[in-house]
Amino acid sequence: MKKKLNVYFHGDQLKHKPVYEWAFGEKLSHPETTTRADNILAALKDDPDAYALFTPEKAPLQMLRDIHDRRLISLYKAACNLPEGETFYPSLFPKRNRVIADEHDIRHSGYFCFDSGTPLASTTWLAATWSAACADSAARLIELGTDTAAYALCRPPGHHATRDLFGGYCYFNNAAICASRLRKHGRVAIIDIDFHHGNGTQGIFYSDPEVLFVSIHGDPKEFYPFYWGHERESGRGAGMGFNINIPIPEGCDGQEYLRVLSKKALLAIKKFAPAALVVSAGFDTYREDPIGRFKLETADFHHVGEALGKLKLPTVIVQEGGYCTDKLGANVSSFLTGFSCGARRDK
Ligand code: Q9C
Ligand code: ZN
């Protein structure tokens, strides 16, 4: 019998429900819906021989503090006092170091944030801590050597969250939480395949030579997050050379994507020879995604997963973006099936 992939998810992750976002001066319906997680779960439950679903253990507060500024954590806690159903959208972003901000005052949240699409509500803390807990539990499984792969159904996502800023629908950096846990046991590579550059993850490990960050994404000259993700951002100090950004033009199809993945990203990872891998798995590279501009098909995700599985590294797969909700379940399961194929010992 083939081994099941452990999946982590907690129902309270659905309590964060952003309804709209402000983007480019417009009020748009929010892409990061609870239906995304519903559809992923439904797809995985459709294949009960392949997946074993678990509730994560509550992540120790220390895990969050390892990655994030304690004031950012306090701000999320302060948001718990918002009236039920009310959301706060930061719209005032003061220049840092020129003001004094109070992390207990929700009206100061713009100090801790970099965009206007990422609301705070009374339930954000609960959902985001459970999302982080999924990442932490998945990493713990790998850390203990109980298994060689796990999937964290993280939602809200994480890769845009920096040490001290939230944004891009992200509050806690789930991939960074995995990497910092695994890093205690050796070098860690993070590959970010979300359509958007993982600026938060990049920032957290920018000076760290023990954590390689590789990201393939839409060119920030054209796409969010605009300020980060350029090829020239290659690390700082001892971390120089351990941050690899691979921006690619819009319209990229599966064939071209797989070529870039194996010729550039995977080559760099093999050279780094890490002890473990974290995948920031976004599916907004899908051809029908409402906010991404690549052209990957559902079957392409199988091949991407397979190529990553073939690295034969202990791996945590962390859910990031992907907003074509109707196809998200199929795309995730295609990727995970591909990964398991690639990772099989006889291959
Ligand atoms: N309506 C992730 O994929 N908004 N975040 C762009 C489009 C920000 C995406 C405007 C996109 C953030 C995790
Ligand atoms: Zn994205």
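In listed order, ligands and their atoms are each counted from 1. The analysis underlying the following values was restricted to heavy atoms, covering all of them including side chains, and did not include hydrogens, waters or symmetry mates. Note that the numbering runs from 1 along the sequence shown for the chain.
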Checklist entry - Are any of the side-chain nitrogens in E256 or R259 under 4.0 Å away from the carboxylate oxygens of its partner? => result yes
Checklist entry - Which residue supplies the protein heavy atom nearest to atom 5 (N) of ligand 1, what is that atom called, and how far is it? => result G168 O, 3.1 Å
Next on the checklist: Ring centres under 6.0 Å, that's the criterion: do Y169 and H160 meet it?
Outcome noted: no
Checklist entry - Which atoms of ligand 1 have any heavy atom of L28 under 4.0 Å away? => result 1 (N)
Checklist entry - For ligand 1, which atoms sit closer than 4.0 Å to a heavy atom of A23? => result 10 (C)
Checklist outcome for this item: In this structure, atom 4 (N) of ligand 1 is nearest to the protein heavy atom Y169 OH, 3.2 Å
Item to check | Subset of ligand 1 atoms that lie under 4.0 Å from at least one heavy atom of P157 | outcome: 13 (C)
Item to check | E210/R183 salt bridge by N-O under 4.0 Å criterion | outcome: no
Next on the checklist: Using the Zn ion (ligand 2) as the vertex, how large is the angle between ND1 of H196 and OD1 of D194, rounded to 10 degrees?
Outcome noted: 100°
Checklist entry - What part of D284, side chain, backbone, both or neither, has a heavy atom within less than 4.0 angstrom of ligand 1? => result side chain
Checklist entry - Is ligand 1 less than 4.0 angstrom away from at least one heavy atom of H196? => result yes
Next on the checklist: Tell me whether R293 is salt-bridged to D284, with the criterion being a basic N under 4.0 Å from an acidic carboxylate O.
Outcome noted: no
Checklist entry - Between E32 and R155, is there a side-chain N and carboxylate O pair less than 4.0 Å apart? => result yes
Checklist entry - Can you tell me if E32 has a non-hydrogen atom under 4.0 Å from ligand 1? => result no
Next on the checklist: Against ligand 1, does F195 come closer than 4.0 Å with any heavy atom?
Outcome noted: no
Next on the checklist: Check this for me, if you would: do D49 and K4 make a salt bridge, where the nitrogen-to-carboxylate-oxygen distance has to be below 4.0 angstrom?
Outcome noted: no
Item to check | Test: K27 and E21 ion pair at under 4.0 Å | outcome: no
Checklist entry - Of all the N, O or S atoms in D284, which one sits nearest to the Zn ion (ligand 2)? => result OD2
Checklist entry - Does the pair D102/R107 count as a salt bridge with the N-to-O cut at 4.0 Å? => result no
Item to check | Closest protein heavy atom (residue, atom, distance) for atom 2 (C) of ligand 1 | outcome: Y323 OH, 2.8 Å
Checklist entry - Taking only heavy atoms of F24, which atoms of ligand 1 are found under 4.0 Å from at least one of them? => result 10 (C)
Checklist entry - Nearest protein heavy-atom contact for atom 7 (C) of ligand 1: which residue, which atom, what distance? => result E21 OE2, 3.7 Å
Item to check | Polar contact flag, side-chain donor to acceptor under 3.5 angstrom, N173-H159 | outcome: no
Checklist entry - Which atoms of ligand 1 sit under 4.0 Å from any heavy atom of G321? => result 3 (O)
Next on the checklist: Just by distance, no angles: are the side chains of N245 and E231 close enough, under 3.5 Å, to form a donor-acceptor pair?
Outcome noted: no
Checklist entry - Charged N to carboxylate O under 4.0 angstrom, K58 versus D136? => result no
Checklist entry - So, is E320 polar-close to ligand 1, with some N/O to N/O distance under 3.5 Å? => result no
Checklist entry - Hey, is ligand 1 close enough to H159 that some N/O pair sits below 3.5 Å? => result no
